[in-house]
Protein chains: 4
Amino acid sequence: MPQIRRAMNAGQKERRRDDVLDAARRLCIGSDMSALSMDAIAREAGLAKGTLYLYFQTKEELFLALLEQDMEGWLASVEAAFAEALPSDHRALAKFIAAGLIERPLMTQLFARLPAVLEGNLPDDVALAFRLRTVRRTDAFGACLERALGPIAQGQGARLSQWVFAMIVGVHQIANPRPRMQRVLESRPELLARRLDFESELADALTALLDGIAPTA
Amino acid sequence: MPQIRRAMNAGQKERRRDDVLDAARRLCIGSDMSALSMDAIAREAGLAKGTLYLYFQTKEELFLALLEQDMEGWLASVEAAFAEALPSDHRALAKFIAAGLIERPLMTQLFARLPAVLEGNLPDDVALAFRLRTVRRTDAFGACLERALGPIAQGQGARLSQWVFAMIVGVHQIANPRPRMQRVLESRPELLARRLDFESELADALTALLDGIAPTA
Amino acid sequence: MPQIRRAMNAGQKERRRDDVLDAARRLCIGSDMSALSMDAIAREAGLAKGTLYLYFQTKEELFLALLEQDMEGWLASVEAAFAEALPSDHRALAKFIAAGLIERPLMTQLFARLPAVLEGNLPDDVALAFRLRTVRRTDAFGACLERALGPIAQGQGARLSQWVFAMIVGVHQIANPRPRMQRVLESRPELLARRLDFESELADALTALLDGIAPTA
Amino acid sequence: MPQIRRAMNAGQKERRRDDVLDAARRLCIGSDMSALSMDAIAREAGLAKGTLYLYFQTKEELFLALLEQDMEGWLASVEAAFAEALPSDHRALAKFIAAGLIERPLMTQLFARLPAVLEGNLPDDVALAFRLRTVRRTDAFGACLERALGPIAQGQGARLSQWVFAMIVGVHQIANPRPRMQRVLESRPELLARRLDFESELADALTALLDGIAPTA
DNA sequence: AATGAATGAGACTTCATTCAT
DNA sequence: CATGAATGAAGTCTCATTCAT
């Protein structure tokens, strides 16, 4: 299943690392993240279990890499879009964010599970490096928000950035029941009727939040 | 440690169930929730491991019961407070909510871990019953919010209630690093400087959210 | 295969612990000690792998228990024999020791491998407790030697005891080739001709050692 | 770190083989032998893991080579010393042996671990060749002993040689606790007080053994 | 009702060895 | 000859759950 037999140079190694992450991503989407074993990832990637440990020191490091891959891509897409044109108003901004997350179904889920991952078997230096990159991303996204929200948010970008992420995580948890609960909900019409749509709910909630932060914008 | 040797009638059985939950609560606060084993809970409760299964079908049901106990208590306290006097403004409401959560340190944590619990080994009927009670609580808290926010929130209580909870979960995750990450943060002044205080951060974020929802209130 | 389904009281538990040790002993004799896995021991004992960990914290603790069981038995037999009649001379003492070891084929082997076991995954308190018991056994055997060797060994029992054990371990290593080497030896007559017999070789070597220690005895 | 990039002729290949052995020796002394991986040896030697397998069929062959290197050197030093002057008495001989071992800290350790190595993954032909060389060395050392001990040991050199080695291995095991046990001992004064010094203990034990073998010498 | 011994699937990780490059 | 990525079997240990007592 792997394209190349042996990843010899840096480029091939990076591709192989990505292969592993892709395999993990496929499995996460298909079933449930917490049920994911290194064994299963290796099988899905068409590699031996030991090979995974050549690319990731521990399982947790792999998950972290998965999250960061998505976040970097997402952040880049936000920055690219803002460079072209800033959202016209809060609702547009909120919808843009929500739409971007829909394209990366795993990112929100991984972010929500982050605490569990961080508590696992993670070398301290990996945890620290992750945190430092998280700070950088928070600031970068904060800068985007400041530009979009105008003078009112000046200097508050990082905080707002965190509030936005808090809302994303929270709405995700409420609007995206995991498979098992999904099944339960589907057995009861009155519960099904109260189902929320993640994208629109998040857009609405973020709009309200932004409205509250920067009333006139 | 258990007061009675054998729980014969319904009252005694309920008390014993509560004993187990109290033991779990003590342990959760002391250390980390995900590292909690049935063995440890049984020991803390002064009971045998097997006995726990007389009161809870699975570990997950136990955690769910723990969460619900806290939520019911919290909801009752909210309702009691609102019956006496409604919060004077958004900030007062936000601070009241944040303060109530501080008094129940486990509730927020359990709520944040809910997806993991729900994906675990949980009988379908238990999951369903939990969900139905969650709906009831959501509506009850929603009604409180409608009363506090006035005409603007009319009919939106349940949704707002969920947004508020989303914000609680999200801010919790960002402001309460788990022990390991806490240690890592403490090793770096520049990270320590960015530490957030859960209570005040939540109050600010909720205030903004409420301001956005009901601008004039 | 296990006699009783569940070991409920202390006696049954001790018997079960012994069952596990017996299973390990059977496997050690049959094949090679270092090839012994907890998995194999559990299978041989007719128990689940996890059950072994109810009786021994780690694999190393199990091996230590195996060794101690043999040593206690051996020491008791030495003391019993000496209580009845002291060996008449050095050669008689040496032969008695060698004969006692032949009856416990595992003891010498385990003793020889002790360093490897002690370097494994052994809780510090278990290691300490083992060492303290080893000291007691050394002194007890030393007392036996002092009685047998007469005035010359007075106060030197413990040291002599250790020299005797050193000789036992060393001769064992030279005279008892492990299966693989045994096969190799058998393929060459000139090597086979130099084969040593553990029992007689040890008896001779110990006799010499005792002669050197206590010339007139 | 390796002097030459590619070992082309026999001389260079032998030097490279020695480089590997030297690297292994450095690591053995620094830490614990059983924890030594081919990876670590390769790194220390400045070579790739695969390269090691060009010089040694298996890990065990490498360890065997290490032991033999030390033994050949030691034997040569014994023969050289005896050619100059024979030890004046048993104690002098014993002290000479003990001192020679102190200079080769690895030799004793490797000899003690020999059974484990021999039981590992060792090609039969390698095992056989090792054994044949061991016989030669045993005889050579035996001849030295016969010369030193005089007529009494005539024809017994090889046996005595093995007894001496048995004593060396045994005293080594008793007097040189591995790091973990060393730590445990250091936590208890009563255990620390019973610590043995390898060199002097071996000298005493060997003196006694020689006295027993050849009383008048 | 209570116990706690027993289960056993499953997790992560290591490392000697191989072999494509 | 040299490399080092890949292998994969093997290992130890955990823990939610069951069930004989």
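You'll find that the side chain of B:Lys13 is closest to E:dA1, out of E:dA5, E:dA1, E:dA6.
C:Phe63 places its CZ atom 13 Å from the C1' atom of F:dG11, with the value rounded to the nearest Å. Per the geometry, CD belonging to A:Gln12 stands 13 Å off C1' belonging to F:dG4, to the nearest Å. Taking atom CG of C:Leu47 as the reference point, atom P of E:dG4 lies 20 Å away to the nearest angstrom. Distance CZ (A:Arg17) to P (F:dA5): 14 Å, rounded to an integer number of Å. If you take CZ of A:Arg43 and P of E:dG10, they are 11 Å apart, rounded to a whole angstrom. In this structure, A:Tyr55 atom OH and F:dG4 atom P are separated by 13 Å, rounded to whole Å. Note: CD (A:Glu61) to P (E:dT13) measures 10 Å, nearest angstrom. The distance from atom CG of A:Leu122 to atom P of E:dC12 is 14 Å, rounded to the nearest whole Å.
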(request) Summarise how protein sits on nucleotides 12-18 of chain F as a single string, 5' to 3': B when a protein heavy atom is under 4.0 Å from the base, S for sugar-phosphate-only contact, - for no contact. (result) BBB-SBB

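Taking a pair as Watson-Crick or G-U with both hydrogen-bonding distances under 3.5 Å, the stems of three or more pairs touching DNA chain F are E:2-21 with F:2-21.
Two residues are said to be in side-chain contact when any heavy atoms from C-beta on lie closer than 4.5 Å; A:Phe130 and A:Glu61 fail this criterion. Side-chain atoms of A:Gln109 and A:Arg178, non-hydrogen and from C-beta on, do get closer than 4.5 Å to each other.
Mapped onto DNA chain F by nearest heavy atom, D:Leu54 and A:Met8 fall at different nucleotides, with D:Leu54 at the one closer to the 5' end. Where C:Ala7 and B:Leu52 each meet DNA chain E at their nearest nucleotide, the meeting point lying more 5' is that of B:Leu52.
The distance from the CG atom of A:Leu47 to the CD1 atom of A:Ile41 is 11.0 Å, given to the nearest 0.5 Å. A distance of 12.0 Å separates CZ in C:Phe63 from CG in C:Leu122, rounded to the nearest 0.5 Å.
Every residue meeting the salt bridge (Lys or Arg N to Asp or Glu O under 4.0 Å) condition with A:Asp22, not counting sequence neighbours, appears here in chain and number order: A:Arg25. Listed by chain and residue number, D:Asp32 satisfy the salt bridge (Lys or Arg N to Asp or Glu O under 4.0 Å) test with D:Arg113 (two or more places apart in sequence, or in another chain). For B:Leu54, the side chain to side chain contact (heavy atoms under 4.5 Å, CB included) test picks out B:Thr51, with sequence neighbours left out.
Looking at heavy-atom distances under 4.0 Å, A:Phe56 makes no contact with the nucleic acid at all.
Remark: the backbone N or O of D:Asn9 is paired with a side-chain donor or acceptor of D:Gln12 at under 3.5 angstrom.
Contact check, B:Arg16 against E:dA1: no side-chain N or O comes under 4.0 Å of OP1 or OP2.
For residues 47-60 of chain A, the salt bridge (Lys or Arg N to Asp or Glu O under 4.0 Å) pairs, not counting sequence neighbours, are A:Asp39-A:Lys49.
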